[in-house]
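Scroll down for the structure; my scribbles are underneath it.
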Amino acid sequence: MIPFTKISLLQLCFIISMATYAQKKNSNTKTYPYANPVIKHMYTADASPHVMPDGRVWMVTSVDHEDGGGYSTMHSYHTFSSKDMVNWTDHGEILNIYDVIGKNEEPQGEDWALWAPDMVYYEGKYYLYFPVRILYKEGGYDEKNRKTIAYTAVAVSDSPDKKFKVINPKIEGTNGIDPAVFIDDDGQKYLYYGSHMAAKLKDNMTELDGKPVTLEVDDERFMEAIWMNKKAGKYYISYHTHYDKPIDPENPDDLFRKKSRLDYGVSDNPLGPFEYKGIMNYELGVNVNDGPKYPGKNYVPWRLYQSNHGGIVEYHGEEYLFYHTSALSSWRQDDFKDAGTWTQRSVCIDKIVYDESGQIRPVQQTLSGVPPVSINQPFEINLDVKSNNIKDNTIEFKNIDLGSGYYYAGINIKGIITPTKCAIHLDQPNGELIGTFIIKKDGVSETLLRNANGKHNVYFVFDNNSSPNTKLISAKIFAGSPK
């Protein structure tokens, strides 16, 4: 709390006005005039983007209430998909807080909410990881009289556009918010959550595989919103930093105020330690020069509200940052005449650019968004298994054109006696690893691919557990263009 004697009259008026805006109605019905945010008919936040087996980019988002009211009013998740990163289809609500609680009212004295989620595909199922946030009210609900409990739950569905069913209401060992799941090229799954926590996930996708670890991130400002990304063999962890508020409208770039940024670190290991590398995304509205101005100022109105949260996806040769701003609420409330409501956020997308050393250049936030992605290649490549026999646990497929990117591979196999792995390498049997099948039994197995682009010889390399009677019935590489 800032002592009253240190708050200027203008700052005090600004603080009071922010409380007023939180209850402001969305009265402007004119069409939002810019490309960012990408979802304009509702408030969306905390986007988690992934390329799914249909070749489209999907994101699951939390939902801010139409009437505001703060984080405790976040009660549902929606999914959206796009073929081109510009035009998005709303597939509706996939989970509601009452699907978790089990009845149409919260337990007396509690306040439940659904915060930032993640959704991934594995072996024919879509898994939704979400933080269950319970605020116990003690002597009346306010910031001073509450006890917060948070942990990660898991829900599953056969399709990302259908309702999800909770299959593990609490992953034992988790404590904290903002879960993110990362599947590495060797098939190992990781769950990141809370402030500095990570753990391996079992193949059942619902339990931790061993004890969680506290990540070393080389940055004392690490707060929340963990995201893991891999590029050129390096692991990039990004996160939201601790920050100071409120922002002084007379000096929003105050050098002595801690900023609400997305920072990142890099490691050779998905569990770290991570070396701090710098800023991935500045505070919201920084350097956005082509938009409306806050009355009497040289910055956009939503510059005065902060809530940074990032998700990263690679799609056909480009990487994209998904984040959120209050630009839409500023428009819908009063045509950009004021800041909007910071708990009514909306997803934006801009490109990520790396320099020659692998450093991320701070993302240029825009109102124009990203250009549409155009893809001209087959959805799938059927590999010729009849002409290629497994020799020394290896099968080779020559001159495979992976174009601008393929994101999944599948095999139909028989002769499996014990669970085995099959690694996918480029150019030679021990070349770049782009994915790994975890084969539990005869039948179909699938794997996520990373960096599968260009023309290569592709090698499937089985581990030593494979039987001499193992036989590939069929194999394909798919999700190379959207269905």
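Reckoned from all heavy atoms, side chains included, excluding hydrogens, waters and symmetry mates.
Between the side chains of T366 and D350, at least one donor N or O lies within less than 3.5 Å of an accepting N or O. Inspection of the Y235 and D184 side chains reveals an N or O donor paired with an N or O acceptor under 3.5 Å. Between the side chains of Y406 and E380, no donor-acceptor pair of N or O atoms lies under 3.5 Å. N287 and Q364 share no side-chain donor-acceptor pair at under 3.5 Å. For the residue pair D338 / Q333, no side-chain donor-acceptor distance below 3.5 Å is found, with atom types taken as modelled. Of the N and O atoms on the side chains of D90 and H41, at least one donor lies less than 3.5 Å from an acceptor on the other residue. Checked by atom type, the side-chain pair N269/S267 shows no donor-acceptor distance below 3.5 Å. Side chains of Y126 and K162: no donor on one and acceptor on the other come within 3.5 Å.
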Let me check something: any side-chain donor-acceptor pairs from residues 219-226 under 3.5 Å, sequence neighbours excluded? List them with distances.
| from | atom 1 | to | atom 2 | distance (Å) |
| --- | --- | --- | --- | --- |
| D219 | OD1 | R221 | N | 3.1 |
| D219 | OD2 | Y239 | OH | 2.7 |
| R221 | NE | H242 | O | 3.2 |
| R221 | NH2 | T241 | OG1 | 3.1 |
| R221 | NH2 | H242 | O | 2.6 |
| R221 | NH2 | K259 | O | 2.3 |
| E224 | OE2 | H240 | ND1 | 3.1 |

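In this structure, D54 contributes its side chain and K483 its backbone to no donor-acceptor pair below 3.5 Å. Under the 3.5 Å distance criterion, the side-chain polar atoms of N175 are left unmatched by any main-chain donor or acceptor of G194.
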request  = Dump the intermediate steps for side-chain contact (heavy atoms from CB on, under 4.5 Å) on F130 and W115, then the final yes or no.
outcome  = CA-CA 7 Å; F130 57 97; W115 289 9; over 6 Å; no

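Annotation: ring pair (Phe, Tyr, Trp, His ring centres under 6.0 Å) contacts of Y282 (sequence neighbours excluded): none.
Ring-centre distance between W227 and H50: below the 6.0 Å cut-off. Ring centroids of Y121 and Y408 are separated by less than 6.0 Å, placing the two rings close together. Checked against the 6.0 Å centroid criterion, the rings of W88 and F80 do not qualify as a close aromatic pair.
Here the straight-line distance linking atom NZ of K234 with atom CG of N229 works out to 14.5 Å at 0.5 Å rounding.
H316 pairs with exactly one of S374, S404, S481 by the side-chain hydrogen bond (donor to acceptor under 3.5 Å, both in side chains) rule, that one being S404. When E319, K231, Q359 are each tested for a side-chain hydrogen bond (donor to acceptor under 3.5 Å, both in side chains) with Y354, only one passes: E319.
Contact check on D99 versus K163 returns a salt bridge, with a Lys/Arg side-chain nitrogen under 4.0 Å from an Asp/Glu carboxylate oxygen.
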